[in-house]
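As structure tokens, the structure follows; a few thoughts come after it.
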Amino acid sequence: MAEIGPSLMCSDLGALREDINILHEGNVDFFHFDIMDGHFVPNYTMGTDMIKSVRYDTNLPFDAHLMIEYPERYIDTFVECGCDMISVHEEATPHLHRTLQHMKSTGVQTGLALNPSTSLNSLEYVGDIVDYVVIMTVNPGFAGQTFISSTLNKIDNLKHFINSNNLQIKIQVDGNISYDTIPEVMKKGANMLVCGTSCLFRQPKGLQQAAADLRQFTDRMKVKQ
Ligand code: DX5
Ligand code: ZN
């Protein structure tokens, strides 16, 4: 089955706690926090204080997607504020191996995020450290963008790499994950779906119904093994 992770930057940030409670009841699997610094991506979102403020509203895992420069400087800060999973962008740090090793040493689920144009090559050297890979299916920085179809091939190649090297790495997809793209990405092997405005938030039917429908839809489909 695929795991559902609401992208909370798409939530009504003034009612974040309410949305988290609705989604918790809606059987989602983890919460995705998009962290932006205005440099690595031309946008700002939320920080560690906001994560801290809702940490005890749910026991579901918190996933921090760091779209920031020098992420290695902030790993401990995100661990301390209650994150269970952290992903860093390969394009954001010259010391990827050291950064991932440190993340692993803190006990968090260690994620490697790749922009649409970035290849899978580094996995040859850090595949034994990472727990999940984030395939950006849009260019990072904004919700509401259009799915980049060439990333489907990358998911396929990653699944092949994981299987042929007997690795235990989950595949997270992030960006315009919708009722149209979910079957495509799951057929290629994606098993963690970051869900934003394309299938969960800002839907006329409301968040509760959107969460229930999405859960039913994804549970009907199998992830490629
Ligand atoms: C974009 C973020 C995504 C985004 C998803 O940089 O990483 O998590 O919020 O939102 P939609 O589903 O609207 O693309
Ligand atoms: Zn994200």
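Only this structure's heavy atoms are used, side chains among them; waters, hydrogens and symmetry mates stay out. For ligands, and for the atoms within them, numbers begin at 1 and follow the listed sequence. Here, residue 1 is the first one in the sequence, and each next residue gets the next number.
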Just which atoms of ligand 1 are under 4.0 Å from any heavy atom in His32? 8 (O)
Does atom NE2 (His160) have a neighbourhood of more than 12 heavy atoms from anything else shown, all under 6.0 Å? no
Using a 4.0 Å cutoff against the non-hydrogen atoms of Met67, which atoms of ligand 1 qualify? 6 (O), 7 (O)
Around atom 14 (O) of ligand 1, find the nearest protein heavy atom and jot down its residue, atom name and distance. Asn176 N, 2.8 Å
Are any non-hydrogen side-chain atoms of Leu96 and Val88 less than 4.5 angstrom apart? yes
Between Lys52 and Asp49, is the closest basic N to carboxylate O distance under 4.0 Å? yes
Test: ring pair (Phe, Tyr, Trp, His ring centres under 6.0 Å). Region: residues 165-206. Which pairs qualify, not counting sequence neighbours? Tyr179-Phe217
Return the closest protein heavy atom for atom 12 (O) of ligand 1 as residue, atom name and distance. Ser198 OG, 3.1 Å
Short version for Cys10: what comes under 4.0 Å of ligand 1, heavy atoms counted, is side chain
With no hydrogens and no angle check, is any side-chain donor or acceptor of Thr45 less than 3.5 Å from a backbone partner on Asp34? yes
Checking the N or O distance criterion of under 3.5 Å, is ligand 1 in contact with Cys195? no
I want to check something: taking the side chain as every heavy atom from C-beta on, are Phe147 and Leu152 in contact at a cut-off of under 4.5 Å? yes
Could you check if a side-chain atom of His89 sits within less than 4.5 angstrom of a side-chain atom of Met67, using non-hydrogen atoms only? yes
For atom 6 (O) of ligand 1, the closest protein heavy atom turns out to be Gly141 N, 2.8 Å
For ligand 1, which atoms have a heavy atom of Gly144 less than 4.0 angstrom away? 11 (P), 13 (O), 14 (O)
How long is the gap from CG on Leu100 to NE2 on His95, to the nearest 0.5 Å? 13.0 Å
Nearest protein heavy-atom contact for atom 1 (C) of ligand 1: which residue, which atom, what distance? Phe142 O, 3.5 Å
Closer than 4.0 Å to some heavy atom of Met9 - which atoms of ligand 1 meet that? 9 (O)
Atom CZ of Phe142 with >12 non-hydrogen neighbours under 6.0 angstrom: yes
Nearest-neighbour protein heavy atom for atom 13 (O) of ligand 1, which is reported as residue plus atom name and distance: Thr197 OG1, 2.3 Å
Contacting atoms of ligand 1, where contact means under 4.0 angstrom from a heavy atom of Gly175: 14 (O)
Using a 4.0 Å cut-off to any heavy atom of Val194, which atoms of ligand 1 qualify? 8 (O)
If you count the atoms of ligand 1 from 1 in the order shown, which ones are under 4.0 Å from a heavy atom of Asp34? 2 (C), 3 (C), 7 (O), 8 (O), 9 (O)
Could you tell me whether the side chain of Asn21 reaches within less than 4.5 Å of the side chain of Glu25, counting heavy atoms only? no
Compare all side-chain heavy atoms of Tyr74 with those of Ile35 and state whether any distance is below 4.5 angstrom. no
Can you confirm whether Val194 sits close enough to Thr137 that some side-chain heavy atom of one is under 4.5 Å from a side-chain heavy atom of the other? no
How many angstroms lie between CD1 in Ile51 and CZ in Phe31, if you round to the nearest 0.5 Å? 12.5 Å
Considering heavy atoms of the protein only, find what lies nearest to atom 5 (C) of ligand 1 and give residue, atom and distance to 0.1 Å. Asp174 OD1, 4.0 Å
Nearer than 2.8 Å to the Zn ion (ligand 2), the protein contributes N, O or S atoms numbering 4
Intermediate values then yes/no, side-chain hydrogen bond (donor to acceptor under 3.5 Å, both in side chains), Asp213 and Gln203: CA-CA 11 Å; Asp213 293 351; Gln203 311 288 313; over 6 Å; no
Which of the ligand 1 atoms, numbered from 1, are nearer than 4.0 Å to a heavy atom of Ala143: 9 (O), 10 (O), 13 (O)
In terms of residue, atom name and distance, what is the protein heavy atom nearest to atom 4 (C) of ligand 1? Ser7 OG, 3.9 Å
